[in-house]
Amino acid sequence: MSRTYDPHSIEEKWQAEWDAAGLYSVTEDAFKPKKYVLEMFPYPSGDIHMGHVRNYSIGDVVARYFTMRGMSVLHPIGWDAFGLPAENAAIKSDSHPAKWTYANIEKQATSFRRMGFSYDWDRTVRTCDPEYYRWGQWTFLKFWERGLVERKNSPVNWCPGCKTVLANEQVLPDGTCWRCKSVVEKRELEQYFLKITEYAQELLDDLDELPGWPERVKAMQANWIGRSEGAEVDFTLCDAAGEPTDTTITVFTTRPDTLFGCSFFLLAPEHPLVREFVTGTQYEAAVMDVVRAAAKESSIDRSSAEKEKRGAFTGRYVINPVNGEKVPVWVSDYVLMEYGTGAVMAVPSGDQRDFDFARTYDLPIPPVVVAEDDMLFSQLSGVRERVLADVPWEVAYAGPGVMVQSGAFTGMRGGKASEGMKAVTEWLAERGQGRFSINFRLRDWLISRQRYWGNPIPAIHCPECGLVPVPEADLPVMLPMDVDVTKGETLADHPEFYETTCPTCGGAARRETDTMDTFTCSSWYYLRYCDARNDDAIWDPAKTDYWMPVDQYIGGIEHAILHLLYSRFFTKVYRDMGLVSFAEPFTNLLTQGMVKLDGATMSKSRGNVVAPEEIIAKYGADTLRAYILFMAPPDKDLEWSNEGLDGMWRFLGRAWRYITEVAEESAAGASGVAAGDPATKLLSRERHRVVGKVSDDIERFQFNTALSAMMELLNTAYDYRRGVPAGSRDVGLERDVAETLTLLLAPYVPHMAEELWREVLGRAESVHLQSWPAWDPAAAVSDEIEYAVQVNGKVRARLTVAADAPEDVVREAALEQVAEHVEGKTVRKVVVVPGKLVSIVVG
RNA sequence: GCGGGCGUGGCGGAAUGGCAGACGCGCCGGGUUUAGGUCCCGGUGAGGCGACUCGUGGAGGUUCGAAUCCUCUCGCCCGCACCA
């Protein structure tokens with residue numbers, strides 16, 4: 001009695017059954033190798049979208065496959081549940097962020113169950129639960145103890161849309177907020193920072209320890225950390241009368257070898273000395289024009305390289321330590337206060353920006369490093385004194401060359417990391433006027449947020465004792481639920497929350513009302529999954545030692561810097577605290593591509609969304625899972641197409657029919673005729689070849705070709721049924737093929753495979769508890785092999801020989817086959833590629 | 001400008017230096033069906049009646065053999081960027 005494939009009658013049935021049986025709960029098992037398969041946890045936005053389907057389907061196939069390969073597999077899920085969208089939604093719907101968040105989590109969890117994902121639900125975390133966020137607060141206190149928390153006043157990114165500050169990483173390249181796209185403003189505020197810069201070098205170096213990460217992501221992180229090697233150089237400041245003072249201004253440069261070509265000196269408009277220099281002088285008006293213009297400009301315009309560089313002379317001079325020259329100090333908007341020291345030595349002959357500025361304001365451009373093939377080379381080679389104060393060039397020369405007009409250093413090699421660079425720095429260091437230095441682009445991580453729906457910062461402001469940490473015993477600082485965000489309230493509007501006493505002196509004090517950046521919550525959740533229900537500690541190191549590091553992490557490229565950099569930082573600090581024994585949390589990283597429609601990313605606002613629920617309603621979850629994996633390799637962007645979906649539906653229907661037919665026939669006791677006929681041998685070979693291919697492909701994340709291989713096996717199996725009359729078929733083999741196919745399909749279409757395994761093939765135990773089918777590479781090889789015979793690179797004949805035929809036999813047979821193409825010519829070379837082809841060269 | 005990546009049929013995509021286009025979609029033809037859909041069978045890179053010839057953005061090179069390796073070049077995508 002055969003039924004057709006009807007996903008709707010089986011999917012929910014098995015989901016309930018798996019749940020009841022606790023099929024996906026895992027514990028540490030000392031006798032099995034472990035695998036930790038993790039997909040980036042979602043923000044509970046409510047509906048799931050195709051990006052989720054793709055991300056979590058990839059992880060689910062990998063997790064189920066490793067389980068069938070006999071591993072102990074940790075595959076958890078949770079929710080990154082704090083954050084601004086909940087507040088915005090609450091305001092819109094006159095509700096509470098908690099209510100909205102928990103409702104969405106329920107909804108999304110239901111969708112995930114509906115997809116049949118094999119999560120260990122016992123380990124779920126929700127970052128807005130006090131049982132979770134208390135350990136985030138604990139982590140903050142531990143960072144504080146280690147000197148990694150700093151509260152400081154500085155210019156910070158303020159998003160007027162989100163009404164809070166942002167970390168540098170959360171401002172997009174165009175100067176807008178990563179979440180709401182408002183133009184970010186600079187404000188001078190006192191905020192909390194985590195000192196990620198203390199780990200800058202290690203974060204950079206350890207990228208080399210991550211061969212399992214995409215080059216692209218590592219390049220982006222290296223770029224973001226932005227290490228540059230150079231020197232600090234101290235310039236002596238002159239007073240208003242032009243006489244040297246005791247004060248120096250330090251600059252950072254990557255090219256100390258060009259110091260002799262410094263013809264002016266620059267300060268950022270925000271530099272505190274600017275105002276001091278010009279107030280009450282004839283230069284004040286022009287300089288303050290530049291300062292005000294820079295302040296008014298958004299960071300978008302400010303960072304445009306095309307823009308005309310604006311500047312003004314401050315009336316002051318500094319003294320160049322290498323030659324004692326007095327150099328004029330200018331202010332210019334192309335100097336950034338945030339990078340280096342906010343002051344720059346300008347070498348217009350060696351730096352395009354300085355070159356442009358010098359041309360605009362008619363400043364000298366003395367050449368100091370020239371290439372051997374430059375027309376100036378013969379004129380200046382070996383010349384120590386400055387004889388030429390300008391260049392005939394159209395652009396600056398930043399490449400390597402020979403130093404000229406550079407005193408005692410003349411004749412040395414100049415350029416990045418050059419002999420001259422080292423020599424000049426050493427010379428300066430001996431005189432205390434400079435030193436080797438390394439500068440990073442990475443800034444400390446600003447983590448305080450002026451928003452309600454987040455993890456409260458466990459700190460107390462005491463008028464007597466200053467800023468005091470909340471004692472560990474008092475954790476968690478509970479986020480109060482009676483804050484009404486619809487009225488625009490934050491923690492700062494709730495005296496019941498902030499009025500407290502100082503834990504040190506007992507006097508009246510004020511509790512911190514800022515909350516933490518939600519990226520702090522997602523920087524350690526993968527560790528908490530290892531011991532999610534622990535109320536006495538953040539985790540038991542024995543458990544993290546067992547499960548960690550994550551063997552396979554899967555998520556979107558949008559976290560290439562943000563989440564992945566922060567998590568690496570947290571892991572390194574936990575390591576220094578002795579809480580974990582490894583330095584990198586994610587051994588292998590897969591960044592999946594986007595799901596697009598009509599060439600554009602699917603988004604509600606664009607209106608080009610295909611809802612997973614609609615596909616599930618029509619085809620079931622299994623078809624959707626298999627199809628989204630079949631469409632493209634996982635790291636590539638994918639163009640959604642509804643037509644192709646029918647192809648996957650047909651394949652699953654065909655597989656279903658084949659397996660049910662064979663199951664009935666074998667159950668009816670049809671005798672196996674173990675004939676050694678070619679068709680039977682072919683099917684047997686295919687069975688072994690395909691199991692091998694599917695296994696390899698899953699391990700390489702080639703889910704599309706794994707599914708193709710299963711289609712090939714099914715096609716061969718149908719050819720056999722049609723080509724060989726009933727009664728002459730090897731029913732035992734067909735039964736084996738049907739069972740094997742069911743096992744191969746199990747990670748992709750878990751419900752269908754389960755129904756086939758238990759209800760059709762009549763097995764008692766879940767298909768998901770079975771071992772992955774074995775395969776014998778030798779059995780995949782035919783006893784006869786067809787060789788292609790090439791003459792001068794063109795295939796001229798085909799040759800079938802026994803698989804074990806020795807090479808010289810193959811060679812002779814091949815020459816015989818192509819006699820007509822060889823006749824009258826000299827055979828110059830014969831290459832036999834075993835099992836593939838014979839290449840004959842004649843001439 | 002710096003860094004990373006990609007160019008293969010009508011489409012999505014296969015191919016660990018060894019027969020380019022697996023598998024699927026679409027399309028064409030046929031069968032089953034009262035009909036449509038489902039389902040089943042066959043065909044499907046281009047040119048040629050044909051044996052054959054040409055084909056992986058373009059031009060060179062290495063090799064018996066190149067989609068794959070090297071050099072140059074064109075086009076596209078992504079990241080960073082007045083970072084001193």
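In this text the structure is predicted, and so the values were computed from the model without any measurement. Below, each value reflects all heavy atoms present in this structure, side chains not excepted, and no hydrogens, waters or symmetry copies. Quick note on labels: first sequence line is chain A, next is B, and so on, each numbered from 1.
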Q: Would you mind classifying the nucleic acid contact of A/G647 as base, sugar-phosphate or nothing, using non-hydrogen atoms under 4.0 angstrom?
A: sugar-phosphate

Q. Does A/R796 come within less than 4.0 Å of A/E820, counting only side-chain N to carboxylate O?
A. no

Q. Which one of A/L645, A/L652, A/L624 satisfies the side-chain contact (heavy atoms from CB on, under 4.5 Å) criterion with A/Y619?
A. A/L645

Q | Touch class at under 4.0 angstrom, heavy-atom based, for A/E639 against every strand present | A | nothing

Q | Integer angstrom distance from the P of B/C78 to that of B/C27 | A | 32 Å

Q. A/N792 side chain N/O closer than 4.0 Å to the phosphate oxygens (OP1, OP2) of B/G65?
A. no

Q.
At 4.0 Å (heavy atoms only), tell me whether A/P633 reaches a base, stays on the sugar-phosphate, or touches nothing.
A. sugar-phosphate

Q.
Between A/S57 and A/R625, is there a side-chain donor-acceptor contact under 3.5 Å, judged purely by atom types and distance?
A. no

Q | Partner nucleotide, any strand, of B/U44 [Watson-Crick/G-U, under 3.5 Å] | A | B/G26

Q.
Check the phosphate of B/C40 against A/R657, side-chain N and O only, distance under 4.0 Å to OP1 or OP2. Yes or no?
A. yes

Q: Using a 4.0 Å heavy-atom cut-off across all strands, classify A/N704 as base, sugar-phosphate, or nothing.
A: sugar-phosphate

Q: Using a cut-off of strictly less than 4.0 Å, decide whether A/R654 has a side-chain nitrogen or oxygen near OP1 or OP2 of B/C40.
A: yes

Q: May I ask you to evaluate whether A/K794 reaches the phosphate of B/C54, defined as a side-chain N or O under 4.0 Å from OP1 or OP2?
A: yes

Q.
Heavy atoms only, 4.0 Å cut-off, all strands: where does A/S641 land among base, sugar-phosphate and nothing?
A. nothing

Q) With a 4.0 Å cut-off on heavy atoms, is A/R353 in touch with a base, just the backbone sugar-phosphate, or nothing at all? A) base

Q: Between B/U44 and B/G10, how far apart are the P atoms? Round to whole Å, please.
A: 16 Å

Q) Looking for any heavy atom pair under 4.0 Å, which part of the strands does A/R721 touch: base, sugar-phosphate only, or nothing? A) nothing

Q) For B/G9, is chi within 90° of 0 (syn) or not (anti)? A) syn

**Q.** A/K618, NZ: over 12 other non-hydrogen atoms inside 6.0 angstrom
**A.** no

(Q) Considering every strand and a 4.0 Å limit on heavy-atom distances, what is the contact class for A/V841: base, sugar-phosphate, or nothing? (A) sugar-phosphate

(Q) Heavy-atom nearest nucleotide on RNA chain B for A/I557 versus A/Q790: which residue maps closer to 5'? (A) A/Q790

Q. What's the closest nucleotide to the A/V335 side chain, out of B/C80, B/A84, B/G13?
A. B/A84

(Q) Once hydrogens and angles are ignored, does a donor-acceptor distance under 3.5 Å link the base of B/C19 to the side chain of A/R798? (A) yes

Q.
Between A/Y334 and A/D354, do the side chains contain a donor N or O and an acceptor N or O under 3.5 Å apart?
A. yes

(Q) Using a 4.0 Å heavy-atom cut-off, does A/N715 contact any base of the nucleic acid, only the sugar-phosphate backbone, or nothing at all? (A) sugar-phosphate

